[in-house]
Number of protein chains: 2
Amino acid sequence: MRDENPVGCRVCGAPLATAVRGRPPVYCSRGCQAKAYRRRAGARGRAAAPPAATEPTAPRTEGGSRRQQIAEAVWRIAAERGLEAASMREVAAAAGVSLRVVQYHFGSKHGLLVAALHLLHEENERRARARMARLADPADLRAVLGAVLGEFLPLDEQRRRALRVFVAYYVRSLNDPALAEVFLHDAQPVERLVAGLIRQACAAGGGPAPGLDPEREADLLVSGVTGLGMDVLHGRRTLADVRTTLDYHLDRILPAR
Amino acid sequence: MRDENPVGCRVCGAPLATAVRGRPPVYCSRGCQAKAYRRRAGARGRAAAPPAATEPTAPRTEGGSRRQQIAEAVWRIAAERGLEAASMREVAAAAGVSLRVVQYHFGSKHGLLVAALHLLHEENERRARARMARLADPADLRAVLGAVLGEFLPLDEQRRRALRVFVAYYVRSLNDPALAEVFLHDAQPVERLVAGLIRQACAAGGGPAPGLDPEREADLLVSGVTGLGMDVLHGRRTLADVRTTLDYHLDRILPAR
DNA sequence: GCATCATTGATACAGTCGTATCAAGCAACC
DNA sequence: GGTTGCTTGATACGACTGTATCAATGATGC
């Protein structure tokens, strides 16, 4: 409901332009606006005493950059209610910013989704590295292997949410080339890592099992653990069941000590 | 744009009720409408000669029931552009029916999605059975096993589309209990089937491999082949690569003949 | 001729969506 | 003081969504 009888400029009282779209004008010119601003700034300066220790980038440090903050809202919504619930307005509200801010920092919804996926990959890798660094015995190759594969299972709320967001994005990427490119470009070959670990463990253990192909074992392990994780999300399997299956296969592949 | 000056009843010319919503009235009463209908029916009867051989359920037989026809439209859209593109109007257009027909047969959009998923499961099982029946040598247990697992790979356009629809529904089911229930209820335990085949093949072959657990092998095989199929959809793997991996594991599990 | 049934046609409504537009806020430079 | 640039607030627009409403269609039975 636009004000039907507009008053004049707040500073000089001159009549205002009657823009029918966008924010209603309050000043007659840029100069009057600047004048009003300087008045406010002066009042603040006198009231707030000396400038004191002003934190210059306060909001930046208390939760990452603005983009990061908004991207996290996307993940949160996608994990809780699915990507189709992540509208611009919902994301803005969840991030505690206005719709305009989301528009400004990401340009379009598509830009937002792509950027959020990009940041998600980085975030997940950061967290994975942190968990790997916290391993009890980094020389225990079987434990390392288990930890790598465990990154794809909903073992805690963090990974559970990450997996939900991941599959939501995966499905969308099937019909969105830009998202698919982020997936294919960012995802490093975990299979290579797993195959290397298997090879190392075989060399360290008794000997290379006859006829065992680390690459093929890694391929099925990685894709299998992803599928098993999805089943857990779905409620089709229990985490304990998956653990048992995984232990069986690790026992099978790795040489007994 | 509603007609501003309504004319009278088509039959008796009496003034019409001025309903502001819904379809505009043309007759003043139900009786006048019936009268008009009988006139048309009489004209048709005289023009079309004897009643001839009227196909009573003609539209039913030329492509399944109405519900089936609409559900197929849902699958088509979901496979090509994702489930979020499957609006009521899009589905109706793709099925060649009116929006109202979709509303009538499924009640709500949610009802449509649930029913379409239900019918999809039936359809996929039908097709899988048909392909299994066409196997060259049904006694070749390894071939049977490969065919069962192959149902989850995008080996042709049909299965490719089925897989795309499947994952789209899977993701949505994570936030939709009704869909999740359809998934959990309809999906029969393929793992059991695979485990049974492995056991049979072991018994028929040389002997049961030492320390081999058919259940655990089946678990990783089924979830793994699903994940590999998703990678193929994504373009992260080639079908040939998946075939090689699968052959390796079948060789590993099944006793050499 | 009339009532009734399941089905379909023709709208209408209230809301949400992504996006666009214009102006204010704030700070720096001239 | 005036201008410029980046950021944000306050709307507005048009398209689309799911759903609801009322009537017509075609057929059957009384």
Side-chain angles (χ1 to χ4, degrees), chain A residues 1-3 6 9-11 16-41 44-45 51 54 56 59 66-67 84-93 97-113, chain B residues 1-3 6 9-11 16-42 44-45 51 54 56 59-60 65-67 84-93 96-113:
Chain A
M1 296 178 196
R2 193 50 79 88
D3 195 354
C9 170
R10 275 187 193 168
V11 174
L16 302 174
T18 59
V20 69
R21 295 254 288 258
R23 190 178 192 172
V26 184
Y27 303 106
C28 67
S29 68
R30 204 69 214 277
C32 277
Q33 184 205 325
K35 206 170 296 185
Y37 167 61
R38 262 183 265 272
R39 278 186 205 161
R40 280 195 303 270
R44 265 203 308 276
T54 60
R66 212 78 194 243
R67 285 170 62 93
E84 80 258 19
S87 72
M88 300 281 273
R89 286 170 175 85
E90 288 278 351
V91 170
V97 300
S98 77
L99 168 62
R100 188 65 186 78
V101 171
V102 181
Q103 278 188 278
Y104 178 76
H105 283 282
F106 296 94
S108 67
K109 172 165 188 181
H110 193 248
L112 168 63
L113 289 182
Chain B
M1 300 188 192
R2 195 49 80 88
D3 196 355
C9 171
R10 275 187 193 166
V11 174
L16 302 174
T18 59
V20 67
R21 295 253 289 260
R23 189 179 193 173
V26 185
Y27 303 105
C28 69
S29 69
R30 206 74 207 336
C32 278
Q33 184 206 325
K35 208 170 293 184
Y37 167 59
R38 262 182 269 275
R39 279 186 206 162
R40 282 196 302 271
R44 263 203 311 277
T54 59
R60 303 297 163 102
S65 71
R66 212 78 195 241
R67 285 170 64 94
E84 79 259 19
S87 72
M88 300 282 272
R89 287 170 175 84
E90 288 280 350
V91 170
V97 301
S98 78
L99 168 62
R100 188 66 186 78
V101 171
V102 181
Q103 278 187 278
Y104 178 76
H105 283 282
F106 297 94
S108 68
K109 173 166 187 181
H110 192 249
L112 168 63
L113 289 182

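Bear in mind the structure is a predicted one, so any value in this text is a computation, not a measurement. Lettering follows sequence order; numbering is per chain, from 1.
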Shortest side-chain distance from A:Pro25, nucleotide among C:dC17, C:dA24, D:dG18:
C:dA24
When you measure from the side chain of A:Ala17, which nucleotide among C:dA23, D:dG2, D:dC13 comes out closest?
C:dA23
Heavy-atom closest pair (B:Cys9 atom, B:Cys28 atom, distance to 0.1 Å) is SG-N, 3.3 Å
Distance, rounded to the nearest Å, where A:Gln33 contributes CD and C:dC22 contributes C1':
12 Å
Using whole Å, what does the distance between atom C1' of nucleotide D:dG9 and atom NE2 of A:His105 come to?
13 Å
Distance in Å, A:Arg40 CZ paired with A:Lys35 NZ, rounded so as to fall on 0.5 Å steps:
14.0 Å
Compare the minimum distances between each of D:dA24, D:dA10, D:dT17 and the side chain of A:Arg100, then state the nucleotide with the smallest one.
D:dA10
Protein-nucleotide distance (B:Arg89, atom CZ; C:dT8, atom P), rounded to Å
18 Å
Residue pair A:Gly31/B:Ser29 against DNA chain D: nearer the 5' end by closest nucleotide is A:Gly31
Using a cut-off of less than 4.0 Å, is there contact between a side-chain N or O of B:Tyr27 and OP1 or OP2 of D:dT25?
yes
If you look at every heavy atom in B:Arg66 and B:His105, which pair is closest and at what distance?
CG-NE2, 3.8 Å
Examine D:dA24: is either OP1 or OP2 under 4.0 Å from a nitrogen or oxygen in the side chain of B:Tyr37? Give yes or no.
no
Across the strands shown, which category fits B:Val26 at heavy-atom distances under 4.0 angstrom: base, sugar-phosphate, nothing?
sugar-phosphate
Nearest-nucleotide comparison on DNA chain C, the residue closer to the 5′ end among B:Tyr104 and A:Ala36:
B:Tyr104
Using heavy atoms to find the nearest nucleotide of DNA chain D for A:Ser98 and B:Ser108 separately, return the residue whose nucleotide is more 5′.
A:Ser98
Distance in angstrom units between B:Arg39 CZ and D:dT25 C1', rounded
16 Å
Atom OH of B:Tyr37 and atom CZ of B:Arg30: how far apart are they, to the nearest 0.5 Å?
11.0 Å
Would you call B:Arg39 and B:Val11 a side-chain contact if the rule is heavy atoms closer than 4.5 Å?
yes
Write down the distance between CZ (A:Arg67) and C1' (D:dC6), rounded to a whole number of angstrom.
15 Å
From CG of B:Leu113 over to C1' of D:dT17, roughly how many Å is that when rounded to an integer?
13 Å
CD on B:Gln103 to CZ on B:Arg100, rounded to 0.5 Å
5.0 Å
So, under a plain 3.5 Å distance rule, would you say the side chain of A:Arg30 forms a donor-acceptor pair with the base of C:dG25?
yes
Give the rounded distance in Å between these two atoms: CG of B:Leu99 and P of D:dA20.
12 Å
Classify the side chain of A:Arg38 versus the base of D:dG1 as yes if they form a donor-acceptor pair under 3.5 Å and no if they do not.
no
Nucleotide nearest A:Pro24 (side chain, heavy atoms from C-beta), chosen from D:dT8, D:dT11, C:dG25:
D:dT11
Please report the distance, rounded to the nearest Å, between CZ in A:Arg23 and P in C:dT19.
22 Å
Ignoring hydrogens and angles, are the base of D:dA20 and the side chain of B:Gln103 linked by a donor-acceptor pair under 3.5 Å?
yes
